[in-house]
Amino acid sequence: MGFAEQRFNVNLSILFTELPLLERPAAAAAAGFTAVELWWPWVDSPTPEQSELDALKKAIEDAGVQLTGLNFYAGQLPGPDRGALSIPGEESEKFRANIEVAAEFARSLGTKALNALYGNRVEGVDPAEQDALALENLVLAARAADRIGAILLIETLNQPESPLYPLVSAPAGIGIVDKVNAATGLGNARFLMDLYHLSMNGEDLPSVIERYAAETGHVQIADNPGRGAPGTGALPLEELLDQLEKAGYEGWVGLEYKPGDRPSAEAFGWLPVEYRAAR
């Protein structure tokens, strides 16, 4: 079993970033992949010009790859931000302005998963106020996702790298998933299980998989330490993905790792070319 049984996609916001955005889908295709995912590409704008959206859509279609996942606007990512939806004021408004834009872009490409990063705690703001705002915005996002037949993903990050982010355990992420589903009645909020982040938090990964595979809508991987390609660290990623499959997970596995000091095209040696195209 192992890697041969998985459906992989390449995260074009962390891999192939040495290339301009519009060249990345073709680079992923040239490396043998048929599916990609993206953080929101326009970090300064939740509502880019239609021409920019159209150009990215064309680049994805021309490359012959499928966009399987897309983040909603999340502020400066990469950078100091970890989402916008729980931050009162301008950032929350930007998130709301982005909801329909991101959902429409996803619909136009048949994308079935939208990821909503929760956002950092803000000094001087009551966490309960942020959580109430977050739930309001996540309900709006879940409804928009439902309208295009997509799921809404809630992601857990890790405490060492994201000390102001409140969702730094699998139970915390699942708790928000459950709150959103209870509020909407739609049942389309799902957990984004990032094995790198969970390992950085010191969680028991086999136990997390056993408990939460049924509520998981997407999986992302990188090795630990280093957030590099599988095989560069100590995580038993093949075994963990086998366990996920046996637990019933049939979704995508996003490659969200750093290529290191080499071109991204050279960072896939751990995965034979014949296993890169989605099956």
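The structure displayed is predicted, hence computed values, not measured ones.
Separation of atoms CG (Leu67) and CG (Leu56) is listed at 7.5 Å; rounding is to 0.5 Å. Summarising the geometry, atom CG belonging to Asn158 is positioned 4.5 Å from atom CE belonging to Met200; distances are rounded to the nearest 0.5 Å. The distance from the CG atom of Asp194 to the CD1 atom of Ile221 is 9.5 Å, given to the nearest 0.5 Å. Here Lys112 contributes atom NZ and Gln66 contributes atom CD; the two are 9.5 Å apart, rounded to the nearest 0.5 Å. To the nearest 0.5 Å, atoms CG (Asn120) and CG (Leu157) are separated by 8.5 Å. A distance of 8.5 Å separates CG in Leu138 from CD1 in Ile99, rounded to the nearest 0.5 Å.
For the residue pair His218 / Glu37, a side-chain donor-acceptor distance below 3.5 Å is found, with atom types taken as modelled. A donor-acceptor contact closer than 3.5 angstrom is absent between the side chains of Tyr118 and Gln130. Checking Ser169 against Asn201 by side-chain atom types alone, no donor-acceptor pair falls below 3.5 Å. With 3.5 Å as the limit, one finds no donor-acceptor pair spanning the side chains of Gln6 and Tyr249. Counting only N and O atoms by type, the side chains of Asn137 and Ser92 include a donor and acceptor under 3.5 Å apart. In the model, Trp270 has no side-chain atom that pairs as donor or acceptor with a side-chain atom of Glu238 under 3.5 Å. Under 3.5 Å, the side chains of Glu155 and Asn115 contain a donor-acceptor pair of N or O atoms.
Using a cutoff of 4.0 Å between basic side-chain nitrogens and carboxylate oxygens, Arg7 and Glu250 are not scored as salt-bridged. A salt bridge is absent between Arg211 and Glu203: the closest approach of a Lys/Arg side-chain nitrogen to an acidic carboxylate oxygen does not fall below 4.0 angstrom. Using a cut-off of 4.0 Å between Lys/Arg side-chain N and Asp/Glu carboxylate O, Glu61 and Lys58 are scored as not salt-bridged.
Heavy-atom neighbours of Gln50 CD from other residues, nucleotides or ligands within 6.0 Å: above the threshold of 12. The number of heavy atoms from other shown groups lying within 6.0 Å of CD (Glu18) is above 12. The environment of CD in Glu52 is crowded: more than 12 heavy-atom neighbours from other residues, nucleotides or ligands sit within 6.0 Å.
Here the side chains of Trp39 and Pro78 are in contact, with some heavy-atom distance below 4.5 Å. The shortest side-chain heavy-atom distance between Gln243 and Leu241 does not fall under the 4.5 Å cut-off. With contacts defined as side-chain heavy-atom distances shorter than 4.5 Å, the pair Asn11/Leu38 does not qualify. Side-chain atoms of Leu77 and Asn71, non-hydrogen and from C-beta on, do get closer than 4.5 Å to each other. Counting heavy atoms from C-beta on, the side chains of Ile174 and Glu215 come closer than 4.5 Å.
Checking Val10, Leu15, Ile14, Asn224 one by one against Tyr257, the side chain to side chain contact (heavy atoms under 4.5 Å, CB included) holds for a single residue, Leu15. Considering Phe95, Trp42, Trp40 as possible partners of Phe72, the one that fulfils the ring pair (Phe, Tyr, Trp, His ring centres under 6.0 Å) test is Phe95. A side-chain hydrogen bond (donor to acceptor under 3.5 Å, both in side chains) with Tyr196 is found for one member of Glu161, Glu256, Gln220, Arg227 and no other, namely Glu161.
Arg276 places a side-chain N or O within 3.5 Å of a backbone atom of Leu271 that can act as its donor or acceptor partner.
Annotation: ring pair (Phe, Tyr, Trp, His ring centres under 6.0 Å) contacts of Phe268 (sequence neighbours excluded): Phe16, Phe33.
Legend: salt bridge (charged side-chain N to carboxylate O under 4.0 Å, His left out) pairs involving residues 113-135, not counting sequence neighbours, sorted by first then second residue: Arg121-Asp131.
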Quiz prompt | Verdict with reasoning, Leu186 to Asn181, per side-chain contact (heavy atoms from CB on, under 4.5 Å) | solution = CA-CA 6 Å; Leu186 297 172; Asn181 284 333; 5.6 Å; no
